[in-house]
A.B. asks: 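The structure under discussion is supplied below as structure tokens; questions concerning it will follow.
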There are 2 protein chains.
Amino acid sequence: MLTVLPTDGTITATAECAASSIAEIQKEEQERKQRNERLLKFAKTFGSIPGVEVGDTWSSRAECPVHRVPMQGIHGSKDDGCYSIAISNLYKYDSDFGETVIYTGSGGFEHYDPKSGKRRRTGPQVRDQQWSDFGNMSLYVSRETGNPVRVIRSWKTVSKYAPAFGYRYDGLYTVKDAWKEQTENGFKICRYRLEVSKASRLVSCPMKARIFL
Amino acid sequence: MLTVLPTDGTITATAECAASSIAEIQKEEQERKQRNERLLKFAKTFGSIPGVEVGDTWSSRAECPVHRVPMQGIHGSKDDGCYSIAISNLYKYDSDFGETVIYTGSGGFEHYDPKSGKRRRTGPQVRDQQWSDFGNMSLYVSRETGNPVRVIRSWKTVSKYAPAFGYRYDGLYTVKDAWKEQTENGFKICRYRLEVSKASRLVSCPMKARIFL
DNA sequence: GTGGGCAGCAGAT
DNA sequence: ATCTGCCGCCCAC
């Protein structure tokens with residue numbers, strides 16, 4: 001009674017799904033869309049996210065409202081700067097001192113194996129990293145503006161400040177320095193020194209986010 | 001006063017972050033981990049997810065609790081069968097009749113361009129699809145077991161049953177048929193016919209999920 | 001609108 | 001522990 005089963009792929013609405021409820025559904029869908037656009041706008045702002053505290057942890061990147069890009073380490077735009085970064089264990093040039101982090105830019109590594117044509121988890125560096133890469137540029141801009149950068153740490157981080165599980169919001173950091181450096185293989189990488197911001201340290205007990213458990 | 005700023009990378013907990021609160025944090029982290037494991041177990045069950053209704057829509061795949069894989073179309077295991085699928089617009093062999101769906105297996109398409117070494121959104125078929133692919137196998141097994149498969153439709157679906165926005169849970173379907181077919185390019189693909197299950201149609205108003213808005 | 005690059009994720013071995 | 005494939009997502013042009 002809910003539907004007339006279509007034989008030709010056509011769906012015929014019945015009494016229960018009359019015009020009024022269709023309008024309702026359209027309205028709901030519209031509201032969801034607007035709500036989403038508001039949330040997305042939040043993701044593209046600097047500083048803390050309302051309702052999220054330093055130390056909050058989620059089981060996957062997808063659930064984490066602090067760093068709203070699915071696979072990238074850097075979320076930012078080359079014009080406005082960097083909103084957030086994820087510290088994980090892809091780039092061996094990272095150094096994690098807790099309140100100070102040396103972070104590596106993106107690009108220049110060969111993720112695709114030309115022989116097999118497959119994507120690799122990690123690969124050799126084959127090009128210089130460039131400031132023109134929008135991720136690298138966004139952190140460079142943040143050094144100029146001084147805007148805070150949200151930092152999450154992955155459980156995969158090779159450092160004693162890594163969470164035991166999931167992805168943890170570790171508060172706001174500031175990009176203090178940005179430079180290029182030549183690695184032992186002769187290619188250049190972008191590097192950044194970030195330091196936890198005073199503002200972030202004054203909120204609740206930031207150490208709970210950084211103590212090795 | 002919250003921490004002693006480390007010069008050697010060592011964090012020293014101070015009075016505010018004493019042993020008792022560290023134990024608390026460990027406990028919290030443990031609880032989060034257990035909660036997550038429960039949720040993951042939920043994702044690997046057949047049938048509807050508690051609290052999710054047919055027609056519910058989310059703005060991104062990541063937020064959708066019904067299909068808990070980030071990029072794959074099929075979530076399943078080759079032993080237990082398929083938990084859920086996503087209908088989108090990657091495979092041109094899909095046919096969407098609303099209550100009946102012809103779905104294509106995965107694999108066999110060349111997503112990597114050997115010339116540029118880059119990943120492509122879509123590519124030519126270069127191999128037969130195989131039942132041994134765990135995604136394809138899982139749907140094959142579901143045809144045997146008759147277990148329900150959760151279906152979400154993407155806004156990218158090329159069909160009048162696509163949602164106007166986001167990813168929509170369209171209820172439970174059953175795999176009625178599974179076969180291999182040769183495409184015009186000479187390679188074989190796995191195909192499946194899924195039909196909406198009676199059980200799903202009796203819950204709320206399933207039509208609201210399938211009416212073209 | 002189109003395309004490139006990517007600090008994920010689950011299942012399998 | 002490691003590997004592979006993948007019906008995404010964002011930002012830039």
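Numbered from 1 within each chain, the chains take letters A, B, ... in sequence-line order.
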A.B. asks: Any chance you could lay out the salt bridge (charged side-chain N to carboxylate O under 4.0 Å, His left out) test for A:Arg191 and A:Glu181, step after step, and finish with the verdict?
C.D. replies: CA-CA 7 Å; A:Arg191 302 189 87 185; A:Glu181 202 172 312; 3.0 Å; yes

A.B. asks: For DNA chain C, report each stem as range with range, ordered by first number, or say none. Use Watson-Crick or G-U wobble pairs under 3.5 Å, at least 3 in a row.
C.D. replies: C:1-6 with D:8-13, C:8-13 with D:1-6

A.B. asks: State whether a side-chain donor-acceptor pair under 3.5 Å links A:Asp79 with A:Ser77.
C.D. replies: no

A.B. asks: Calculate the interatomic distance between B:His75 atom NE2 and D:dG8 atom P; express it in whole Å.
C.D. replies: 16 Å

A.B. asks: Could you please name the option among C:dG5, D:dC7, D:dC6 that lies closest to any side-chain atom of B:Tyr91?
C.D. replies: D:dC7

A.B. asks: Would you classify A:Leu40 as touching base, sugar-phosphate or nothing, given that sugar-phosphate means primed atoms plus P, OP1 and OP2, and contacts are heavy atoms under 4.0 Å?
C.D. replies: sugar-phosphate

A.B. asks: What is the distance from CE of A:Met71 to P of C:dC9, rounded to the nearest Å?
C.D. replies: 10 Å

A.B. asks: Write down the distance between CZ (A:Arg153) and C1' (C:dG8), rounded to a whole number of angstrom.
C.D. replies: 19 Å

A.B. asks: Where does the angle between the aromatic ring planes of B:Phe109 and B:Tyr91 fall among parallel (under 30°), tilted (30 to 60°) and perpendicular (over 60°)?
C.D. replies: perpendicular

A.B. asks: Is it true that a side-chain atom of A:His67 and a backbone atom of A:Tyr83 form a donor plus acceptor pair closer than 3.5 Å?
C.D. replies: no

A.B. asks: Just N and O in the side chain of A:Tyr167: are any of them under 4.0 Å from OP1 or OP2 of C:dC9?
C.D. replies: yes

A.B. asks: Is it true that the side chains of A:Ser142 and A:Asn147 contain a donor and an acceptor less than 3.5 Å apart?
C.D. replies: no

A.B. asks: Might you point out which heavy atoms bring A:Leu172 and A:Arg150 nearest each other, and give the distance in Å?
C.D. replies: CD2-CG, 3.7 Å

A.B. asks: Can a donor-acceptor pair be found between the side chains of A:Asp94 and A:Thr104 at a distance below 3.5 Å?
C.D. replies: yes

A.B. asks: Mind checking B:Ser77 for me? I need base, sugar-phosphate or nothing, with any heavy atom below 4.0 Å counting as a touch.
C.D. replies: sugar-phosphate

A.B. asks: To the nearest angstrom, how far is B:Arg127 atom CZ from D:dT4 atom C1'?
C.D. replies: 11 Å

A.B. asks: What nucleic acid atoms does B:Ser106 come within less than 4.0 Å of, heavy atoms only: base, sugar-phosphate, or nothing?
C.D. replies: sugar-phosphate

A.B. asks: For A:Gly135, report the nucleic acid contact type (base, sugar-phosphate, nothing); a contact means any heavy atom under 4.0 Å.
C.D. replies: nothing

A.B. asks: In whole Å, what is the span from the NZ atom of B:Lys41 to the C1' atom of C:dG11?
C.D. replies: 18 Å

A.B. asks: In whole Å, I'd like the distance from the OH atom of A:Tyr83 to the C1' atom of D:dC9.
C.D. replies: 15 Å

A.B. asks: Of all the choices, D:dC7, C:dC9, C:dA12, which nucleotide is nearest to the side chain of B:Phe134 once you look at every atom?
C.D. replies: C:dA12

A.B. asks: Quick one: label A:Thr104 by what it contacts on the DNA or RNA (base, sugar-phosphate, nothing), any heavy atom closer than 4.0 Å.
C.D. replies: base

A.B. asks: Using a 4.0 Å heavy-atom cut-off across all strands, classify B:Lys44 as base, sugar-phosphate, or nothing.
C.D. replies: sugar-phosphate

A.B. asks: NA contact type, A:Ile85, heavy-atom cut-off 4.0 Å: base, sugar-phosphate, or nothing?
C.D. replies: nothing

A.B. asks: Determine the contact category for B:Asp133: base if any of its heavy atoms lies under 4.0 Å from a base atom, sugar-phosphate if only primed atoms, P, OP1 or OP2 are that close, otherwise nothing.
C.D. replies: nothing

A.B. asks: Need one value for B:Gly76: base, sugar-phosphate or nothing, where a base atom within 4.0 Å counts as base even if backbone is also close, heavy atoms only.
C.D. replies: sugar-phosphate

A.B. asks: Round to a whole Å and report the spacing from CD of A:Gln72 to C1' of C:dC9.
C.D. replies: 15 Å

A.B. asks: Can you tell me if CH2 on B:Trp155 sees more than 12 non-hydrogen neighbours from other groups inside 6.0 Å?
C.D. replies: no

A.B. asks: Side chain of A:Lys78: nearest nucleotide among D:dC13, C:dG8, D:dC11?
C.D. replies: D:dC13

A.B. asks: Is A:Asp128 reaching over with its side chain to a backbone N or O of A:Phe187, donor-acceptor style, under 3.5 angstrom?
C.D. replies: no

A.B. asks: Under 4.0 Å, heavy atoms only, any strand: does B:Asp94 hit a base, just the sugar-phosphate, or nothing?
C.D. replies: base

A.B. asks: Flag as yes if A:Tyr103 stacks onto the base of C:dA7 (centroids under 5.5 Å, planes under 30°), otherwise no.
C.D. replies: yes

A.B. asks: Counting only side-chain nitrogens and oxygens, does A:Lys92 get under 4.0 Å of the OP1 or OP2 atom of C:dA7?
C.D. replies: no

A.B. asks: Whole Å only: how far is the OH atom of B:Tyr140 from the P atom of C:dG11?
C.D. replies: 22 Å

